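Just so you know, these numbers come straight off a predicted model, no measurement behind them. Counting starts at 1 for both ligands and their atoms, following the listed order. Computation of the quantities below employed the complete heavy-atom set of this structure, encompassing side-chain atoms and omitting hydrogens, waters and symmetry-equivalent molecules.
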Amino acid sequence: MNPKSSLLDFNTFGIDVSCRSIIELTNLDVLEDYLANSPSRFLILGGGSNILFKSDYDGDILLNKTCGIEISNENEDSVEIKVASGENWHDFVKWTVDRDYAGIENLALIPGSVGAAPIQNIGAYGVEIKDVLQTVEYFDLNEKCLKILRNEDCGFGYRNSVFKNELKGQVFIVSISIKLSKNHSPKLEYWALKHFLEEHSISNPSIKDVFNAVVAIRQSKLPDPAKLGNSGSFFKNPLLTGEEFDVVQEKFPAIRFFETDDHQFKIAAGWLIEQCGWKGKVVGKTGSHKDQALVLVNYGGATGEEVWNLAQAIIASVQEQFGIRLEPEVNIL
Ligand SMILES: Cc1cc2nc3c(=O)[nH]c(=O)nc-3n(C[C@H](O)[C@H](O)[C@H](O)COP(=O)(O)OP(=O)(O)OC[C@H]3O[C@@H](n4cnc5c(N)ncnc54)[C@H](O)[C@@H]3O)c2cc1C
């Protein structure tokens, strides 16, 4: 019997749990062999940057190591790129920026793999992957065959997709295809980004300028998981209908929110957490980050259970004070 494998280096929270064994998926054949020969409980893992292990994982971890980037179509205005799911997301963004392809520069420095990006429809600085995604190619783990989903069939929403719902645990995302523009029109609606560029006297930003700005802002605001274990935003920003929002805003006029295109109200979860007194609070070996209340951190040696207990305490106090239920953005296992 195999000795247990440690997952410490494979989750950005830095939780010291183990699994039965870690198998590197370098290509689809490895997965097909694995499924044919030793099916047991298993979990596909990319960069481990959106997961909290509450306890040891009683099964195998299939670590996605597939790679490959190819231009599948190109004309004067745009380029279509097919990327293997195991590629590092940020490195891929840089690859596109180096070639002057516009569309994902605002998504720089998001940790993790390309394949996980459509799962929660990653987003930052006014851009989501759904804005450029064409198709997702996946291996159906039940039917053991490749399938392709078009963007409109991926059920994309705010930090959501069909892969977090009907297809959860049913697929291995093999590759994604995205379409980027050769004619740059930067997306600068996001205040922090606009402000940064103004402050640095960049009036007509190139793709690289936007990329560099996003990297600099993120480095100044978010704790680096290599130094302080975390999974980015632990909770989603809650979405309220107009009626629900009116009730809350009447009670809390200072509430921080953003109106979405479909007239819902996205409430800043970090603000709610801060109002409940959690920002910067240390609880044992874990806590809410001093600059980013929404980011729960591992100060060293925290267990997943400790982090989860803190998350539940935060959920309870936000519910009690505001009547709003926070939902984790992070996958809890
Ligand atoms: C510091 C920090 C900042 C962050 N900032 C942002 C941000 O700005 N915006 C944002 O949206 N997210 C952000 N995140 C969250 C995270 O980076 C993204 O969700 C990322 O896409 C997760 O990728 P991963 O490869 O690490 O996924 P993992 O954590 O490895 O996996 C996440 C889930 O996806 C499944 N999965 C992974 N790969 C596959 C595959 N190929 N096929 C099928 N299932 C798969 C796993 O089983 C798991 O359930 C941040 C995280 C950190 C630590």
Side chains of Phe235 and Ile273, heavy atoms from C-beta outward: is any pair under 4.5 Å?
yes

Check whether any side-chain heavy atom of Leu109 lies under 4.5 Å from a side-chain heavy atom of Val214, and answer yes or no.
no

Name every donor-acceptor pair, under 3.5 Å, that has one atom in a side chain of residues 22-29 and the other anywhere in the protein, sequence neighbours excluded.
| from | atom 1 | to | atom 2 | distance (Å) |
| --- | --- | --- | --- | --- |
| Asn27 | OD1 | Asp29 | N | 2.9 |
| Asn27 | OD1 | Val30 | N | 3.2 |

N/O of Gln120 under 3.5 Å from N/O of ligand 1, yes or no?
yes

Give yes if a backbone or side-chain nitrogen or oxygen of Ile110 is under 3.5 Å from a nitrogen or oxygen of ligand 1, and no if not.
no

Closest by any non-hydrogen atom to atom 50 (C) of ligand 1: pick that one out of Pro111, Ala226, Ala84.
Pro111

Between Gly115, Ser113, Gly123, Gly232, flag the one that comes closest to atom 7 (C) of ligand 1 by a heavy atom.
Gly123

Under 4.0 Å from ligand 1, counting heavy atoms only, is it the side chain of [X], its backbone, both or neither?
X: Leu43; result: side chain
X: Ile173; result: both
X: Ile44; result: both
X: Leu45; result: both
X: Asn50; result: both

Looking only at protein heavy atoms, which one is nearest to [atom], and how far off is it?
atom: atom 26 (O) of ligand 1; result: Ser49 OG, 2.6 Å
atom: atom 36 (N) of ligand 1; result: Ile119 CD1, 3.4 Å
atom: atom 32 (C) of ligand 1; result: Asn331 ND2, 3.7 Å
atom: atom 28 (P) of ligand 1; result: Gly48 N, 3.6 Å
atom: atom 1 (C) of ligand 1; result: Asn230 OD1, 3.5 Å
atom: atom 21 (O) of ligand 1; result: Ile122 CG2, 3.3 Å
atom: atom 23 (O) of ligand 1; result: Ala116 CB, 3.2 Å
atom: atom 43 (C) of ligand 1; result: Val171 O, 3.4 Å

Whether the side chain of [X] engages the backbone of [Y] through a donor-acceptor N/O pair (distance < 3.5 Å, no angle test) should be reported.
X: Trp89; Y: Leu107; answer: yes
X: Arg159; Y: Gly123; answer: yes
X: Asn106; Y: Lys187; answer: yes

Ligand-residue contact atoms, ligand 1 with Gly112, heavy atoms, under 4.0 Å:
23 (O), 24 (P), 25 (O), 26 (O)

Close-contact set for ligand 1 against Ala124 heavy atoms, below 4.0 Å:
8 (O)

For Asn331 and Lys164 the tightest heavy-atom approach is OD1-CE, 4.2 Å

Just to check, does Glu128 reach to within less than 4.0 Å of ligand 1 when the distance is taken from its heavy atoms?
no

Does ligand 1 have an atom that lies less than 4.0 angstrom from a heavy atom of Arg218?
yes

Check whether more than 12 heavy atoms from other residues, nucleotides or ligands sit under 6.0 Å from atom NZ of Lys194, and answer yes or no.
no

Are the charged groups of Asp100 and Lys208 less than 4.0 angstrom apart, N to O?
no

Donor on one side chain, acceptor on other, Asn50 and Ser231, under 3.5 Å:
no

For residues Phe13 and Phe53: do they belong to one hydrophobic cluster (side chain heavy atoms under 4.5 Å, members Ile, Leu, Val, Met, Phe, Trp, Tyr)?
yes

Tell me which donor-acceptor pairs under 3.5 Å the side chains of residues 131-142 have, and how far apart each pair is, sequence neighbours excluded?
| from | atom 1 | to | atom 2 | distance (Å) |
| --- | --- | --- | --- | --- |
| Asp131 | OD2 | Glu128 | N | 2.9 |
| Glu137 | OE1 | Ser175 | OG | 2.6 |
| Asp140 | OD1 | Asn142 | N | 2.9 |
| Asp140 | OD1 | Glu143 | N | 2.9 |
| Asp140 | OD2 | Lys147 | NZ | 2.9 |
| Asn142 | ND2 | Gln170 | OE1 | 2.5 |

